[in-house]
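Note sheet for the following structure.
Just so we're on the same page: letters track the sequence lines, and every chain starts at 1.
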Amino acid sequence: MTPRPFQVSASRRETEDSWTLALEPADGGAAPAFLPGQFNMIYAFGVGEVPISISGDPAAGGPLEHTVRAVGPVSAAICRARPGDQLGVRGPFGSSWPLAAAEGRHAVVVAGGVGLAPLRPVVLGALAMRQRLEGLVLLCGGRSPADLLFGPELEGWEEDPRLDVGVTVDSAGGEWRGHVGVVTTLIDGAAFDPARAVAFVVGPEVMMRFTVEALLARGMDAADVYISIERNMKCAVTQCGRCQFGPTFACREGPVMRFAEIERFFRVREL
Amino acid sequence: MPTRTIDQVLAELPTFAGLEPAYLELISGCGANGGFEAGEYLAREGDRADSFFAIRHGRVALEVAAPGKGPLLITTLGEGAVVGWSWLFPPYRWSFDARAMEPTRVIAFDGACLRGKCEEDKALGYELMRRFASNMLDRLQATRLQLLDLYGEPAAG
Ligand SMILES: Cc1cc2nc3c(=O)[nH]c(=O)nc-3n(C[C@H](O)[C@H](O)[C@H](O)COP(=O)(O)OP(=O)(O)OC[C@H]3O[C@@H](n4cnc5c(N)ncnc54)[C@H](O)[C@@H]3O)c2cc1C
Ligand code: FES
């Protein structure tokens with residue numbers, strides 16, 4: 001499957017090392033439809049290709065949005081792309097967040113760092129179906145206030161009575177009004193009924209492990225907790241085996257998976 | 001709304017929940033309701049730690065003053081949390097500043113009074129120390145995670 005050329009139509013700096021790019025097909029056609037949680041393989045021509053979740057609103061149509069943190073050669077090249085530049089796109093791939101499972105219950109979204117990017121479509125989707133949810137909780141952890149993604153939008157969500165938002169950072173100066181501490185410390189006080197909740201969690205693996213433990217300690221069932229497994233991928237189409245653990249291919253069954261189903265593998269140290 | 005007694009309020013705070021009513025009454029004998037405006041300090045680093053606080057409503061920042069940098073926030077504590085362990089051990093001095101980030105209602109405990117009750121009734125002492133130790137363990141684990149700089153490493157998203 002060859003990448004389809006897309007043109008960057010807008011770029012927005014989120015933090016010191018993260019950018020959100022809007023991408024439109026260079027051939028003038030429509031951007032593909034996608035489900036919240038799915039990812040694309042983004043190709044920086046001449047540098048390489050990496051999996052990146054879609055951070056836009058699936059219901060909005062329009063350009064594809066991706067939020068990328070520069071951590072190495074390919075992600076840095078993607079972050080350097082500016083309006084008019086071209087990137088290759090293959091996808092969308094992978095499973096999606098089962099938002100429908102939260103109907104009549106509390107949706108609990110827990111994001112660490114860039115993990116808010118793949119969860120933004122969940123928050124937007126949950127807001128769109130808010131009347132059918134019992135409650136909506138968003139807990140975000142970041143390194144410092146300057147490292148939080150989607151600043152103005154996040155502030156808007158904090159003001160929005162339709163959702164309960166908790167934001168916490170690892171370190172901050174005295175002017176910071178939010179919490180300081182790891183995201184797991186917000187779980188005990190969050191406004192949801194663990195017996196009637198579905199959780200969607202993304203972040204660094206260690207953060208996800210401790211978050212899931214805190215959710216289970218609060219009384220949630222492992223079957224109601226979904227995480228996104230974002231270990232390395234190469235082909236994204238079950239060919240290379242790079243993302244395989246046991247019989248499972250993260251690029252096909254994942255990245256979004258039910259914690260109860262992957263618990264065994266999640267604790268494997270190397271994949 | 002009828003005013004609730006301190007032992008009734010205590011029974012709802014995680015640190016004291018499930019204690020026998022007689023113990024709750026004993027402990028509440030060392031406590032008094034208190035309040036702080038946003039920006040007011042519950043305690044200052046180096047001051048004598050004769051008391052500690054259980055937060056009923058509001059939020060408290062634990063911070064260290066860093067010359068030329070302003071205060072550095074170590075952690076924030078909310079409803080139900082206990083602020084202060086220094087009253088438990090000599091030299092009974094606060095290690096951090098504790099500042100109310102918003103209007104905060106607390107139960108303020110007299111540390112010496114509670115230490116005295118724990119000495120008199122070792123079973124109560126054991127029960128309370130067990131609860132404080134579990135509290136400290138939770139906070140230690142959270143602090144360890146916080147120190148790992150999890151989001152610094154390239155990964156999620
Ligand atoms: C399904 C999926 C969705 C993703 N969504 C996003 C997203 O929305 N935004 C975003 O910024 N990133 C996302 N990533 C991670 C992104 O793919 C990697 O950061 C990227 O592949 C790094 O490539 P590089 O060439 O820039 O750096 P490399 O030189 O390949 O790696 C730099 C450093 O990052 C580490 N690393 C690389 N990939 C990963 C990974 N997947 N998990 C943990 N550590 C890694 C490497 O070990 C190395 O230390 C996603 C990954 C997957 C599998
Ligand atoms: S990425 Fe190649 S098999 Fe999944």
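- Interface check for chain B: of the options G178(A), G173(A), G72(A), the most heavy-atom pairs under 4.5 Å are formed by G178(A).
- K117(B) and E120(B) are not joined by a salt bridge, as no carboxylate oxygen comes within less than 4.0 angstrom of a charged side-chain nitrogen.
- For the pair R209(A) and E205(A), the salt-bridge criterion is not met [side-chain N within less than 4.0 Å of a carboxylate O].
- Between chain A and the residues G78(B), A66(B), P71(B), G80(B), the most heavy-atom pairs under 4.5 angstrom are made by P71(B).
- Between D97(B) and R99(B), none of the side-chain N atoms (NZ, or NE/NH1/NH2) sits under 4.0 Å from a carboxylate O, so this pair counts as no salt bridge.
- Salt-bridge check for R56(B) with E12(B): failed, with every basic side-chain N at 4.0 Å or more from each acidic carboxylate O.
- Of the two parts of A61(B), neither the backbone nor the side chain holds a non-hydrogen atom closer than 4.5 Å to a non-hydrogen atom of chain A.
- Aromatic pair F89(B)/F52(B): centroids not less than 6.0 angstrom apart.
- Heavy atoms of E79(B) lying under 4.5 Å from chain A are absent altogether.
- Contact of I74(B) with chain A is made through the backbone alone, with heavy-atom distances under 4.5 Å.
- With respect to chain B, the highest number of heavy-atom pairs below 4.5 Å among S228(A), G141(A), S75(A) belongs to G141(A).
- Heavy atoms of R139(B) lying under 4.5 Å from chain A are absent altogether.
- A salt bridge links E49(A) to R90(A): at least one charged side-chain nitrogen sits closer than 4.0 Å to a carboxylate oxygen.
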